[in-house]
**Student:** 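Okay, handing you the structure first.
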Amino acid sequence: MQKDPTNDDVAERMRIAFERKVKREAAAGRRYTKALLARRMDESPQAVQHWFVEGFVEKLKLPRVARELETSVDWLLSGEQDIEYIVITSKRVKAIVEIFQELPEHEQDRIFREIQDAEQRRREKIDTLLAKK
């Protein structure tokens, strides 16, 4: 049985996720700070600092925080499903992920929608073929 997370647990995972984000941004030649996180979250720097010290983020804000820090709500709350440690065994998939992560967010969104649309068309085609049998 999984124990409920303490605020200290959440605060520690927030710090880890933030440091990972800082390193990813630095690798791409960009700076990432708590002040930038605050601006992107439309919060005061003091409120964001409180998240890291107290480990308390309002429930409705947690999904946005997780997306911004490129992690999951599950991991922030429980330490499970840590996206940072998913193993990609295919060199081609790894290369695609690395290229994708370097793209501006609007390009990532466009490509993601195109992939979703292509997948939907593929599924519809399969459904049509199966219905004919």
**Student:** May I ask you to check whether over 12 heavy atoms, not counting those of Glu105, lie within 6.0 Å of atom CD?
**Tutor:**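 No, not enclosed.
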
**Student:** What are the two closest non-hydrogen atoms of Ala66 and Val73, and how far apart are they?
**Tutor:** CB-N, 3.7 Å

**Student:** About how many Å separate CZ of Arg13 and OG1 of Thr71, when rounded to the nearest 0.5 Å?
**Tutor:** 9.5 Å

**Student:** Are side-chain N/O atoms of Tyr32 and Glu68 paired as donor and acceptor at under 3.5 Å?
**Tutor:**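 On atom types as modelled, these side chains qualify, holding a pair under 3.5 Å.
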
**Student:** Who pairs with Glu12 by side chain to side chain contact (heavy atoms under 4.5 Å, CB included), at least two apart in sequence or on another chain?
**Tutor:** Arg15, Ile16

**Student:** Could you check whether the rings of Phe52 and Phe18 sit parallel, tilted or perpendicular, using 30° and 60° as the cut-offs?
**Tutor:** perpendicular

**Student:** State the CG-CG distance between Leu69 and Leu37, to the nearest 0.5 angstrom.
**Tutor:** 5.5 Å

**Student:** Can you name the residues that form a salt bridge (charged side-chain N to carboxylate O under 4.0 Å, His left out) with Glu25, not counting sequence neighbours?
**Tutor:** Lys21, Arg30

**Student:** How many angstroms lie between atom CD of Gln101 and atom CD1 of Ile99, to the nearest 0.5 angstrom?
**Tutor:**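 Going from CD on Gln101 over to CD1 on Ile99, the span is 11.0 Å.
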
**Student:** How many angstroms lie between atom CE of Met14 and atom CH2 of Trp75, to the nearest 0.5 angstrom?
**Tutor:**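 Going from CE on Met14 over to CH2 on Trp75, the span is 10.0 Å.
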
**Student:** Is it the case that more than 12 heavy atoms not belonging to Asp117 sit under 6.0 Å from its CG atom?
**Tutor:** yes

**Student:** In chain order, what residues pass the salt bridge (charged side-chain N to carboxylate O under 4.0 Å, His left out) check against Glu58, with sequence neighbours excluded?
**Tutor:** Lys61

**Student:** Applying side chain to side chain contact (heavy atoms under 4.5 Å, CB included), can you list everything that pairs with Arg92, at least two apart in sequence or on another chain?
**Tutor:**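 So Arg92 forms a side chain to side chain contact (heavy atoms under 4.5 Å, CB included) with Ser90, Ile96.
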
**Student:** What's the separation between atom CG in Asp127 and atom CD in Gln120, rounded to the nearest 0.5 Å?
**Tutor:**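 If we round to the nearest 0.5 Å, Asp127:CG and Gln120:CD are 8.5 Å apart.
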
**Student:** Do Leu77 and Leu62 make a side-chain contact, defined as non-hydrogen atoms from C-beta onward lying under 4.5 Å apart?
**Tutor:** yes

**Student:** Given a cutoff of under 4.5 Å between side-chain heavy atoms of I, L, V, M, F, W and Y, with clusters grown through shared members, what are the other residues clustered with Phe56?
**Tutor:**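 Result for Phe56 is none, singleton.
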
**Student:** Got Lys94 and Lys91 here, is their nearest side-chain heavy-atom distance under 4.5 Å?
**Tutor:**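 When only atoms from C-beta onward are counted, Lys91 and Lys94 do not touch, as no gap falls below 4.5 Å.
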
**Student:** Would you call Arg24 and Glu70 a salt bridge, using N to O less than 4.0 angstrom?
**Tutor:**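 Yes, this pair counts.
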
**Student:** Which heavy atom of Ala11 sits nearest to which heavy atom of Val53, and what is that distance?
**Tutor:** CB-O, 4.1 Å

**Student:** Give a yes or no on whether a salt bridge exists between Arg110 and Glu114, defined as a side-chain N under 4.0 angstrom from a carboxylate O.
**Tutor:**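 Yes, this pair counts.
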
**Student:** Mind checking who shares a hydrophobic cluster with Ile115, ILVMFWY linked at side-chain heavy-atom distances under 4.5 Å?
**Tutor:**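 Same cluster as Ile115: Phe100, Leu103, Ile111.
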
**Student:** Do Glu119 and Arg123 sit within salt-bridge range, that is, some charged N less than 4.0 Å from a carboxylate O?
**Tutor:**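 Yes, this pair counts.
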
